[in-house]
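Scroll down for the structure; my scribbles are underneath it.
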Amino acid sequence: MLNRAIDGKPLVYLDNAATSQTPECVVDAITQMYHGHKANVHRGVHTLSQEATDRVEATREKVRGFINAHSIEEVIFTRGTTEGINLVASSMGEMMCNGDEIIVTEMEHHSNIVPWQLLGQRKRIRLRVVPVRDDGTLDLDAYEDLFGDSTRFVSITHMSNVLGTVNPVKKMIEIAHRHNVPVLVDGAQAAPHMPIDVQDLDCDFYALSAHKMYGPTGVGVLYGKKSWLERMTPYQGGGEMISTVTFGHTTFAALPFKFEAGTPHFVGIAAFGAAIDYLNELGMSEIAAREHELLCYATQQLRAIPGMRIYGEAEDKGAVISFLVNDINSYDMGLLLDKLGFAVRTGHHCAQPLMARYGVTGMVRASLAFYNTHDEIERLAAAIARVSQMF
Ligand SMILES: *Cc1c(COP(=O)(O)O)cnc(C)c1O
């Protein structure tokens, strides 16, 4: 992928916040599953089924270690962050009543807004929103003021996919717990870029997507504290999640299987294990340090372009730069950059309320990964300058 050309120009891939590229070892793991170990998991006594099951469960243990969960019972495989949040909204929603309130932030991805709104339509639950300040950080005083007798849940992003802001989630969780309110952290952007420790954060739930972590598409993880998962009703019904079934009554399987109805994406889950090995080999702290250095260099290069406005200037920021130049439409900028070989994202980035907050309809976003280079950043800056002179 990274050696591809676009319109005869070498590809510069800067859309890592949408999805990351896939290392050879992960592609190999997918092929190996199809070539040698494809059988349905957790069912058969035959050797193939055992081999596939072993690979899925090996990944579960790798994920547990990667996020430092207490036990594998707390690691649920999903289709991605979106499904993880929907699972929690649906099951925790069963425990909520009319008039309850849920706190989210103004910088949430649509997948951490809409599931709560759908719940709100069923139960008249109200969303309370933590405002974003001009520099892209959250107003923590306003956050604390939102808590009241009706607050039942907090759902916040660890890192903004638009502003790059890394939120002080540990502190925010501590505040919520002081009010006896559980917290879900949307880790779709944070998990690929920094070490994650769910026990240190003390979050009640943590959702992530494998495809943004150099893993395959269609796989995600929901971490949940055992004490919550035991009390929650299943999200979907089907095979794998049951213990006994009669037409009169069904008992559910033990954790984590209670939340894994149907045949999972076992090929993808096995390959996700290879992605985690790959990340551990590079080292998450090393990745974070390398990307921080790339972010500083890119910020400095882009800031030098006349008419450049960068959105998101938090001290603690991941390697995402969203920007506009003069009054050039983000779509026009993206289209012309594509012609020059640059893959950047344009538009609302699944965060329309955040676009409204900044009074724009879209932004251009360059999101970096450890495999991006200084040379690519210099070429991006030159290309943006060239495009902006065309208007
Ligand atoms: C990508 C993303 C999501 C959704 O992830 P999916 O893989 O599409 O389910 C949620 N939140 C944030 C912050 C994201 O960047």
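For ligands, and for the atoms within them, numbers begin at 1 and follow the listed sequence.
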CA sep, side-chain torsions, deciding dist, call: Val104, Ile156, side chain to side chain contact (heavy atoms under 4.5 Å, CB included): CA-CA 6 Å; Val104 297; Ile156 48 176; 5.9 Å; no
List, pair by pair, the atoms of ligand 1 and of the protein that are both N or O and lie under 3.5 Å apart, giving the separation rounded to 0.1 Å.
unit_1	atom_1	unit_2	atom_2	d
ligand 1	7 (O)	Ser209	OG	2.7
ligand 1	7 (O)	His211	NE2	2.8
ligand 1	9 (O)	Thr81	N	3.4
ligand 1	9 (O)	Thr82	N	2.9
ligand 1	9 (O)	Thr82	OG1	2.5
ligand 1	11 (N)	Asp186	OD1	3.3
ligand 1	11 (N)	Asp186	OD2	2.6
ligand 1	15 (O)	Gln189	NE2	2.5
ligand 1	15 (O)	Lys212	NZ	2.8

Which other residues end up in the same hydrophobic cluster as Leu118, if Ile, Leu, Val, Met, Phe, Trp and Tyr are linked when side-chain heavy atoms come under 4.5 Å apart?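 Under the 4.5 Å side-chain rule, Leu118 groups with Val114.
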Would you mind writing out the side-chain donor-acceptor pairs for residues 321-330 within the sub-3.5 Å range, not counting sequence neighbours?
unit_1	atom_1	unit_2	atom_2	d
Ser322	OG	Val162	O	2.7
Asn329	OD1	Tyr331	N	2.8
Ser330	OG	Gly347	N	3.4

Side-chain donor-acceptor contact under 3.5 Å, Asn16 with Tyr371: yes
Test item: Ser49 side-chain N/O and Val45 main-chain N/O as donor-acceptor pair under 3.5 Å: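 Judged by distance alone, no pair lies under 3.5 Å.
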Pairs satisfying ring pair (Phe, Tyr, Trp, His ring centres under 6.0 Å), at least one member in residues 31-51, at least two apart: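 Listed once each, the pairs are His42-Phe257.
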